[in-house]
Amino acid sequence: MKYYNSIIDTIGDTPLVKLNKVTKGIRGTVLAKVEYFNPGNSVKDRIAVRMIEDAEKAGIIQPGGTIIEGTSGNTGFGLALAAIAKGYKCIFTMADKQSKEKIDILRAVGADVVVCPTNVEPDDPRSYYSVAKRLNREIPNSIYPNQYDNLSNTAAHYDTTGPEIWRDTEGKITHFAAGVGTGGTICGTAKFLKEQNPNVVTVGIDTYGSVFKKYKETGIFDQREVYPYLTEGIGEDILPQNVDFSLIDHFVKVTDKDAAIMARRLSKEEGLFVGWSTGSAVHGALEWAREHLTDDDVLIILLPDHGTRYLGKIYNDTWMKDHGFLESREFSTARDIVRSKNGKGVLTTVDRELKVGDAIRLLNQHSISQIPVTETNGDIVGSLTDSTILSKLIEDPAVKDLTVGEVMDKPFKFVALDNTVDVLSSLIDRDNKALLVRDENQQVHIITQADLLAAITN
C-alpha cells in the first residue's frame, strides 16, 4: 500500500505549469511553480515544518508545547498542520488587514487567533510582532518560530524548492522571480540555483509601501517608503534576517490594484485560482521579463498561495469596486492608450549622431516635445526633450552643433501593456517625461503626459 503517515508528509514536489495567455508578447518560456498544491495551499507549509523540526532537534520545544507566531495567514496554516501532526497547540497573531477567510481557516484547524492593528510601528506593543513575542514570554513551554529572522525559513527552500526547480527544468532555468516578504522563499531558492549556475537571474517582487526596493538600490532604509498597503504576504517595514540582498538581483514594485487584477486574470485566463501576492509576483515578473527575456530563456515564477484566502476581497466585485480596482474608464491600461491612437502612435526617434540643431527641427516638424534616442542598430539608448535642449541652449548656444548623444538624457522607462493609468501616472515625473511600451508584435509606442491626461479625462 502507498500512503503517507501524516498530512505534512505530502508537502513539496509542487508542479511547474506553463503560462500561455497572460504572457503574450513575452519571449522565452514562462513557467509557474504552483505552491497551492501543498496541503495547506501555500508555499509556507515548507518552512513551517522545517522551523518546528529544527526547534525539536535543538530541544527548544517539548511535547505538548505551544507554537506562537506572527503571520499573514499562510505560515500559520502550515504551522497548524505541523502542530496537529506533532501534538502541539497554536496561537497566531495577525494584522487586521488580513482577510477574514485566513482567520476563519486558522480557527478551523484548531488555532487561537489574536487580531492586532496594522498601522502601528513594528516595535509598538500592539503590533502583531510584539504581541507574539509577549505571549511567548508569558506562556511556558512555548516557541516563537519568528519566520522573519529564523534561518530555517531560508534553509527549507534551499533544501526543497531550489532542487525541485533545478530538477524539473533539467537545469535550463535562467530566471527566477518571487515575492519578497520574510525573504526565505526567494533567498533560499536563489542560493541553491545560483550554486548550480551563477548566471541565474533573480527578480524580487515588492509592493508600494515597502522598504525592500529602495534599500536594495541605495542601501538606505527610507522610512518615507513605508506606508499602508493592502496586498497581503509581501513587502515589509522591517529588514528580516532571511532577506539576503546579494541573492536578489533586481526588484520590481507592484501596486495593490495591478496585483489584484492580475490574480483575477490568472484565474480566468490560465485556470490558476491564486492569491493576491501571486498577482503581484506574476505582474512584476512579466513587466521585467518583457524587456529582458530572450527566446532561449526560462523564467520560473513562484505562485505562493490559493485564491480561497481572498474570496471576500479581490474575488468580490463589490469589494474591488469600493477600492477603485474595477472601473469603467475607457482608457484604463497602456494597452488601451496604444489602441486609442489607431496607428497614429508610430514611434519617431532620433539618431544619437544627429546634430542637436537637426533634432530641434525634427521635434518641430512632428509637433512633439520629447523623443527617444537610438543607436544606428535601432536600440534605444537615451531620450531628448525640448526642456532639456532649451536649458542647455540658454547656457551655451553652441550646443546646437553638438551631437544628440552628447546632450541626451537617460532612456524613457519601458512599462508593461497591462500597467494601469494610475501606475503610469506615478512613473511620469520631471526626470522621466514619457514612457515606452512594446505591443504583442514588439512594436514600440510612446505614452506621453498628454496621452495620460486624455485617458483620465475621457
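Computed from a prediction, not measured in an experiment: that's the story for all the values here.
Tyr215 OH to Phe245 CZ: the interatomic distance, rounded to the nearest 0.5 Å, is 6.5 Å. Put simply, OG on Ser391 and CG on Asp386 are 10.0 Å apart, with the number rounded to the nearest 0.5 Å. Here CG of Asp258 is found 3.5 Å from OG1 of Thr255. Values are rounded to the nearest 0.5 Å. The CD1 atom of Ile337 lies 8.5 Å from the OG1 atom of Thr448; values are rounded to the nearest 0.5 Å. Atom CD1 of Ile26 is separated from atom CG of Leu286 by 4.0 Å, given to the nearest 0.5 angstrom. Annotation: the span from Ile300 atom CD1 to Leu193 atom CG amounts to 9.0 Å, rounded to 0.5 Å.
Checked by atom type and distance alone, the side chain of Lys355 pairs as donor or acceptor with a backbone atom of Asp401 at under 3.5 Å. Within the 3.5 Å criterion, the main-chain N or O of Leu19 finds a donor-acceptor partner in the side chain of Thr23. In this structure a side-chain-to-backbone donor-acceptor pair under 3.5 Å is present from Trp276 to Asp256. A side-chain donor-acceptor contact under 3.5 Å links Glu69 to the backbone of Gln147. In terms of modelled atom types and a separation under 3.5 Å, the side chain of Thr374 and the main chain of Thr349 share no donor-acceptor contact. Using modelled atom types, one side-chain atom of Ser267 and one backbone atom of Ala263 make a donor-acceptor pair closer than 3.5 Å. Under a 3.5 Å cut-off, the side chain of Asn377 and the backbone N or O of Asp379 do form a donor-acceptor pair. Using a distance-only test at 3.5 Å, with no hydrogens or angles considered, a donor-acceptor pair links the side chain of Thr202 to the main chain of Leu247. Formation of a donor-acceptor pair under 3.5 Å by the Asp149 side chain with backbone atoms of Pro240 is not found in this model. A donor-acceptor contact shorter than 3.5 Å is absent between the side chain of Thr278 and the backbone of Val274.
Side-chain contact check for Asn74 and Asp305: at least one donor-acceptor pair (N or O, by modelled atom type) lies under 3.5 Å. When only modelled atom types and interatomic distance are considered, Ser127 and Asp124 share no side-chain donor-acceptor pair under 3.5 Å. Side-chain N/O atoms of Glu353 and Thr403 include no donor and acceptor closer than 3.5 Å. Looking at Ser383 and Lys433, their side chains never bring a donor and an acceptor atom within 3.5 Å of each other. Counted by atom type alone, Thr388 and Thr385 present one or more donor-acceptor pairs between their side chains at under 3.5 Å.
Under the salt bridge (Lys or Arg N to Asp or Glu O under 4.0 Å) criterion, Glu406 pairs with no residue, sequence neighbours left out.
For Lys257 and Phe325, the positive end is not near the middle of the six-membered ring at less than 6.0 Å and at most 45° from its axis. A cation-pi arrangement is not found for Arg290 relative to Phe414, the charged atom failing to lie both closer than 6.0 Å to the ring centre and inside a 45° cone about the ring normal.
Here the rule is side-chain hydrogen bond (donor to acceptor under 3.5 Å, both in side chains) with Thr182, and of Thr71, Asn242, Asn153 only Asn153 fits it. Ile186 pairs with exactly one of Ile248, Val243, Leu302 by the side chain to side chain contact (heavy atoms under 4.5 Å, CB included) rule, that one being Ile248. When each of Lys216, Lys253, Lys213 is paired with Glu225, the salt bridge (Lys or Arg N to Asp or Glu O under 4.0 Å) condition holds for Lys253 and for no other.
Side-chain contact between Gln370 and Ile446: present, with at least one pair of heavy atoms (C-beta onward) separated by less than 4.5 Å. Residues Phe77 and Pro39 have side chains not in contact (no heavy-atom distance under 4.5 Å, counting atoms from C-beta outward). In this structure, the side chains of Met262 and Val22 come closer than 4.5 Å at one or more pairs of heavy atoms. Contact annotation: the side chain of Leu384 never approaches that of Asp409 to less than 4.5 Å [non-hydrogen atoms, C-beta and beyond]. Side-chain contact between Asp351 and Val404: absent, with no pair of heavy atoms (C-beta onward) separated by less than 4.5 Å. At least one side-chain heavy atom of Leu363 sits under 4.5 Å from a side-chain heavy atom of Ile371. Met320 places a side-chain heavy atom less than 4.5 Å from the side chain of Ile314. Using a 4.5 Å heavy-atom cutoff, the side chains of Val43 and Tyr36 are not in contact.
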Fill in: side-chain contact (heavy atoms from CB on, under 4.5 Å) evaluation trace for Met51 with Leu151
CA-CA 9 Å; Met51 290 191 299; Leu151 297 183; over 6 Å; no

Worksheet item: What's the verdict on side-chain contact (heavy atoms from CB on, under 4.5 Å) for Asp249 and Lys194, showing C-alpha distance, side-chain angles and the deciding distance?
Response: CA-CA 11 Å; Asp249 299 306; Lys194 286 177 176 288; 2.9 Å; yes

Practice prompt. Output, in order, the C-alpha distance, side-chain angles, deciding distance and verdict of side-chain contact (heavy atoms from CB on, under 4.5 Å) for Thr333 and Val421.
Written response: CA-CA 5 Å; Thr333 67; Val421 167; over 6 Å; no

Discussion item. If you apply the rule salt bridge (charged side-chain N to carboxylate O under 4.0 Å, His left out), what do you find for Lys214 with Asp206, and how did you get there?
Written reply: CA-CA 10 Å; Lys214 176 73 173 285; Asp206 198 11; over 6 Å; no

Practice prompt. Step by step, work out the ring-ring contact (aromatic ring centres under 6.0 Å, His included) result for Tyr208 and Tyr227.
Written response: CA-CA 8 Å; Tyr208 288 90; Tyr227 53 85; 7.6 Å; no

Practice prompt. For side-chain contact (heavy atoms from CB on, under 4.5 Å), just list the numbers for Tyr128 and Met94, CA-CA rounded to whole Å, side-chain angles, deciding distance to a tenth of an Å, and then say yes or no.
Written response: CA-CA 6 Å; Tyr128 75 101; Met94 299 180 71; 5.8 Å; no

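Between Asp317 and Lys321 no salt bridge is recorded (no basic side-chain N to carboxylate O distance below 4.0 Å). With respect to Arg339 and Asp439, no salt bridge is recorded, no charged nitrogen being found less than 4.0 Å from a carboxylate O. Using a cut-off of 4.0 Å between Lys/Arg side-chain N and Asp/Glu carboxylate O, Glu232 and Lys313 are scored as salt-bridged. Salt bridge status for Glu375 with Arg352: present, with a side-chain N to carboxylate O gap under 4.0 Å. Using a 4.0 Å cut-off between a side-chain N of Lys or Arg and a carboxylate O of Asp or Glu, Arg361 and Asp358 qualify as a salt bridge. At a threshold of 4.0 Å, the pair Glu35-Arg46 counts as salt-bridged, since one of the basic side-chain nitrogens sits closer than that to a carboxylate oxygen.
The nearest pair of heavy atoms linking Ala259 to Val254 is N-CG1, 3.9 Å. A pairwise comparison of heavy atoms in Lys102 and Tyr310 identifies NZ-OH, 3.2 Å as the closest pair. Among all heavy-atom pairs drawn from Ala132 and Gly70, the shortest one is CB-N, 3.9 Å. Smallest separation of non-hydrogen atoms from Pro117 and Asp96: CA-OD2, 3.4 Å. In plain terms, the two heavy atoms of Glu269 and Lys21 that are nearest each other are O-CD, 3.2 Å. Of all non-hydrogen atoms in Ile234 and Tyr229, the two that sit nearest each other are O-OH, 3.0 Å.
Using bins of under 30°, 30° to 60° and over 60° for the plane-to-plane angle, the ring pair Tyr129/Tyr148 lands in the perpendicular bin.
A 6.0 Å sphere centred on CG of Asp296 holds no more than 12 heavy atoms belonging to other residues, nucleotides or ligands.
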